[in-house]
Amino acid sequence: MKIATWNVNSLKVRLEQVLYWLEVSNCDVLALQELKLDNDNFPKNIFIEKGYHVIFNGQKTYNGVAIISRYPILDPEYDIPNYDDIQKRVIAGTINGIRIICAYVVNGENVNSDKYIYKLNWLDQFKRYNENNLKVTDRLIVLGDYNIAPEDRDVYNPIEWKDKVLCSIPERKHFKELLELGLYDSFRLFNQNNQQYTWWDYRNFAFKRKLGLRIDHILISESIKKIATECIIDTVPRNNERPSDHTPVVLTITTY
DNA sequence: ATGACGAAATTTTTTCGA
């Protein structure tokens, strides 16, 4: 079973790329972020006609998340419970007995902004949510755009990015605390190399020059770790015409 | 150089993302 995350930066613009990638990647579950459209404009029928199950939590212009699946999606949940957040950043469902949480973590703009405060508060709530989910299931996958580069090796120029948003110590502490709950950064179970990025700025030929950050992640619980066989970053879609600035991350697990 | 590139609404300019 293949489970992937992809920040598409407008599903309207990227719909054909998403449909094509679903076919060629042989992916079973795809978590999408930054739909940038409301629920009324979500192209639900296009996915259903192709045999997918789909749940979505959209918002006009900003944010918006969805899960596309070849298998039925049970117990859908929208947003973080008991957290009054107007922004649509979380959606969850159970697929083949695995609880799947798709998240679009706050960007934070810069470390002196109100949005950064919101990011840190949001991450507090997200931690509580994951802690509670781990109390009720040991089969958990938490994937999405975390907007955090966990370590210096996840950054093309750690000196330039030191203490900047996406790399600051408080953000990295939040990421580490998620791992301390009993989650694993699945990509790092299989790949220890530098320059393994999931996002590249549109400007200044950043992708061609390999100037990126690893900010999209697939975190997995202990039970999923035991059946995980591979986690890769698929950089192919970043070469598309009108690409998203993010590219998919794909986890493979064995299921019986 | 509070810029660049790309998307969307606020639309021929501004706001936001990373």
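By convention in this document, chain letters (A, B, ...) are assigned in the order of the sequence lines, proteins followed by strands, and residues within each chain are numbered from 1. Below, all heavy atoms of this structure are taken into account, side chains as well, without hydrogens, waters or symmetry copies.
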Would you say the side chain of [Y] lies within less than 4.5 Å of the side chain of [X], judging by non-hydrogen atoms?
X: A:Trp122; Y: A:Gln87; answer: no
X: A:Val142; Y: A:Phe126; answer: yes
X: A:Lys36; Y: A:Leu11; answer: no
X: A:Asn41; Y: A:Lys12; answer: no

Given the options A:Asp79, A:Asn39, A:Asn63, A:Asn57 meets side-chain hydrogen bond (donor to acceptor under 3.5 Å, both in side chains) only with A:Asp79

What I want to find out is whether A:Lys173 reaches A:Glu177 closely enough, with some N-O distance under 4.0 Å, to be called a salt bridge.
yes

Ion pair A:Arg172/A:Asp152, N-O distance below 4.0 Å:
yes

I'd like the [atom1] distance from [M] over to [N], given in whole Å.
N: B:dT15; M: B:dT10; atom1: C1'; value: 8 Å
N: B:dT12; M: B:dA1; atom1: P; value: 30 Å
N: B:dG6; M: B:dT11; atom1: C1'; value: 15 Å

Selected nucleotide, minimal atom distance to [X] side chain, candidates [options]:
X: A:Asn107; options: B:dA4, B:dA7, B:dG17; value: B:dG17
X: A:Asn147; options: B:dA4, B:dA18, B:dG17; value: B:dA18
X: A:Tyr202; options: B:dG6, B:dA7, B:dA18; value: B:dG6

Is a donor on one side and an acceptor on the other found under 3.5 Å between the side chain of A:Gln17 and the backbone of A:Glu241?
yes

Name the nucleic acid region contacted by [X], choosing base, sugar-phosphate or nothing; use a 4.0 angstrom heavy-atom cut-off, strictly under.
X: A:Glu34; answer: sugar-phosphate
X: A:Tyr197; answer: nothing
X: A:Lys164; answer: nothing
X: A:Asp145; answer: sugar-phosphate

[X] [atom1] to [N] [atom2]: how many Å, rounded?
X: A:Asn7; N: B:dC16; atom1: CG; atom2: C1'; result: 13 Å
X: A:Leu35; N: B:dC16; atom1: CG; atom2: C1'; result: 17 Å
X: A:Trp199; N: B:dA7; atom1: CH2; atom2: C1'; result: 15 Å
X: A:Asn204; N: B:dG17; atom1: CG; atom2: C1'; result: 15 Å
X: A:Phe205; N: B:dC5; atom1: CZ; atom2: C1'; result: 11 Å
X: A:Asp201; N: B:dG3; atom1: CG; atom2: P; result: 13 Å
X: A:Glu241; N: B:dC5; atom1: CD; atom2: C1'; result: 16 Å
X: A:Asn240; N: B:dA7; atom1: CG; atom2: P; result: 12 Å

Pick the closest DNA chain B nucleotide for A:Val13 and for A:Asp245 by heavy atoms, then say which residue is nearer the 5' end.
A:Val13

I want to confirm an ordering. Mapping A:Val106 and A:Pro243 to their closest nucleotides on DNA chain B, which one lands closer to the 5' end?
A:Pro243

Output a table of nitrogen or oxygen pairs between the protein and nucleotides 9-14 of chain B separated by less than 3.5 Å.
{"from": "B:dA9", "atom 1": "OP1", "to": "A:Thr61", "atom 2": "OG1", "distance (Å)": "3.3"}

Taking only side-chain N and O atoms of A:Arg203, does any of them lie within less than 4.0 angstrom of OP1 or OP2 on B:dA18?
no

